[in-house]
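For reference, the structure discussed in these notes is given below.
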Number of protein chains: 2
Amino acid sequence: MAKLGHYTDLGNADRLLLQDFEKEELTFKKRDLVRREGEPTRSLFVVKRGWFFGHSMLPSGKRQVHRVFLPGDFIGTHEIVCAEATYDISAASDGVLCPFDKSGLKVVFTRSPRLTALLYSIEALDQVTQDDRLRAVSRMDAAGRLAHFFLQMFSRLRISGEQVGRSIRLEMSQELIGDTLGLTGIHVNRTLKQLSDEGLIELSAGVLTLTDEAGLKALCDFDDMHYRIDTSWFPDT
Amino acid sequence: MAKLGHYTDLGNADRLLLQDFEKEELTFKKRDLVRREGEPTRSLFVVKRGWFFGHSMLPSGKRQVHRVFLPGDFIGTHEIVCAEATYDISAASDGVLCPFDKSGLKVVFTRSPRLTALLYSIEALDQVTQDDRLRAVSRMDAAGRLAHFFLQMFSRLRISGEQVGRSIRLEMSQELIGDTLGLTGIHVNRTLKQLSDEGLIELSAGVLTLTDEAGLKALCDFDDMHYRIDTSWFPDT
DNA sequence: CGGTTTTTTGAAAGGGCTCAAGATCCGTGG
DNA sequence: CCACGGATCTTGAGCCCTTTCAAAAAACCG
């Protein structure tokens, strides 16, 4: 709710509808599998605590991390159209999820055009973010991809209402980051070292510090404008 | 409307709402710029005829094609959250677009929960498609990426209600395909030749034929399940 | 404190890129 | 209907970023 509230004012009725999404809680430990690819997508989730990620294997044995889910994110909204899950979901750290039924959205769609518009926008925003990621993964070298990934991560965390300074706890192994960016864990390691040597980042004991944010931005043409959405066309209620 | 009707039955009221999206027409010639990155996103489009594509430049001089838009597709729905366009849009072939105002969606959201759910699903489906594309671009070699791209293209065209056999007219240069897949036009050319030599495809005079669809699928782990959506949770009206 | 998961580092191989240049295709104007 | 110029397709050679394979050091967890 903190995250959604970041974008627009919510009426009381809308707050009540949203509360229904966080009634239940499920606890997971790092490396736990939340759901396997191919399972019926009965429920969606809201991330309450911790980091999660969606991933799938390729026949070649390579793994792709499709998304990283942070506190406040919805999990599975984009797969709602599929009868079966399109990829696995696991916990990147210890964490808590709130599951709710697909049909919960039906209620929102019927009762609150404004909240619907907001959900639609969240979905759309997610796509803009993914698009940006595709651009980085598809066209940049290792240093650029990492810079882009870190900046996007910071940007997303800042929105969820958490206090984020220049440092965060990175709840992902270098291998996992590699699978997110289409790189080998090994090469992630080498590139990370390079970025450190150049004074752009600092990384120790799982804590990542952006020493030179401007320098990182220059490396990957990052533009943070995505995170304020245009609500001018929203219905009033 | 043919495309949306592919997914679910539309009531009369919904058909009327949709008709409003195709009132105007704009004609473009191959290579025309439809809209530039940074422009205010006043209107969205429906593709009536021809192929279009969204693209952006990187500081390195490389170009990324974010999406290819085919007849029946909406253009710009995912960017509706941004006040400004996130990338350029150009015509890949001669074609016709139907522009309509952002606020057209407001009407849909307010009047028809069912149509709203459908639009939301289209958006979500698009994301599943893009996710799949990311997986290919991020983790497969050139042959796999091309195979995946072609199969996805065929699959999308089949849904739009057009009659598609084993051949289509490919309205994209090899360079453009390269920019879509994170490859050089030159390397696309070489790989295309390789695929031909192996009897998987045939390509001449801009017409692409999938000679061995199963072979291509094996190359890229393609799964076409995405194109039937789950409407079980849709509101009734 | 022992086992597992991560991080590091080295050396060699490979897929895709760059640079270059010719061949083709195609729309346009005469 | 033909000629011209730009776009697109081809092909060759050498280079570079990233991957592989291997193995040791560190860090983490119960």
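These values consider heavy atoms only, across backbone and side chains, with no hydrogens, waters or symmetry-generated copies. To find a chain, count down the sequence lines: A is the first, B the second, and so on, and within it residues start at 1.
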Report yes or no: does [X] contribute a side-chain atom to a donor-acceptor pair with the main-chain N or O of [Y] at less than 3.5 Å?
| X | Y | result |
| --- | --- | --- |
| A/Ser43 | A/Asp101 | no |
| B/Thr191 | B/His187 | yes |
| B/Arg31 | B/Ser90 | no |
| A/Thr180 | A/Leu176 | yes |
| B/Glu213 | B/Arg166 | no |
| B/Ser138 | A/Leu181 | no |

Taking atom types as modelled, find out whether [X] and [Y] have a side-chain donor-acceptor pair closer than 3.5 angstrom.
| X | Y | result |
| --- | --- | --- |
| A/Ser56 | A/Glu37 | no |
| A/Asp131 | B/Gln130 | yes |
| B/Asp221 | B/His148 | no |

inquiry  = Counting only side-chain nitrogens and oxygens, does B/Asn189 get under 4.0 Å of the OP1 or OP2 atom of D/dC9?
reply    =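 Looking at the OP1 and OP2 atoms of D/dC9, neither is under 4.0 Å from any side-chain N or O of B/Asn189.
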inquiry  = Expected output is a numbered-order residue list: members of residues 170-186 of chain A with a heavy atom under 4.0 Å from any atom of DNA chain D. What is it?
reply    =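 By residue number: A/Gly182, A/Leu183, A/Thr184, A/Ile186.
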request  = Under 4.0 Å from any atom of DNA chain C, heavy atoms only: list the residues of residues 136-148 of chain B that qualify, in numerical order.
outcome  =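 Output list: B/Asp141, B/Ala142.
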Spatial distance of atom [atom1] ([X]) from atom [atom2] ([Y]) [nearest 0.5 Å]:
| X | Y | atom1 | atom2 | result |
| --- | --- | --- | --- | --- |
| B/Leu195 | B/Leu203 | CG | CG | 10.0 Å |
| A/Leu70 | A/Met153 | CG | CE | 4.5 Å |
| B/Glu84 | B/Thr41 | CD | OG1 | 8.5 Å |
| B/Leu208 | B/Glu202 | CG | CD | 9.5 Å |

side-chain hydrogen bond (donor to acceptor under 3.5 Å, both in side chains) partners of A/Gln194, counting only residues at least two apart =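 A/Glu198.
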ask   = Are the ring centres of A/His66 and A/Tyr87 closer than 6.0 Å?
value =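 They qualify: ring centres under 6.0 Å apart.
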query = Rounded to the Å, how far apart are A/Arg190 CZ and D/dC16 C1'?
reply =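 Spelled out: CZ on A/Arg190 to C1' on D/dC16 is 14 Å.
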request  = Could you tell me, to 10°, how much the axis swings from one end of the helix from C/dC1-D/dG30 to C/dG30-D/dC1 to the other, five pairs per end?
outcome  =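 For the helix from C/dC1-D/dG30 to C/dG30-D/dC1, the axes at either end differ by 60°.
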Distances under 3.5 Å only, N/O to N/O: pair up the protein atoms with those of nucleotides 28-30 of chain D.
none

Opening and closing nucleotides of DNA chain C in contact with chain B, under 4.0 Å to non-hydrogen atoms =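 Result: C/dG16 to C/dA20.
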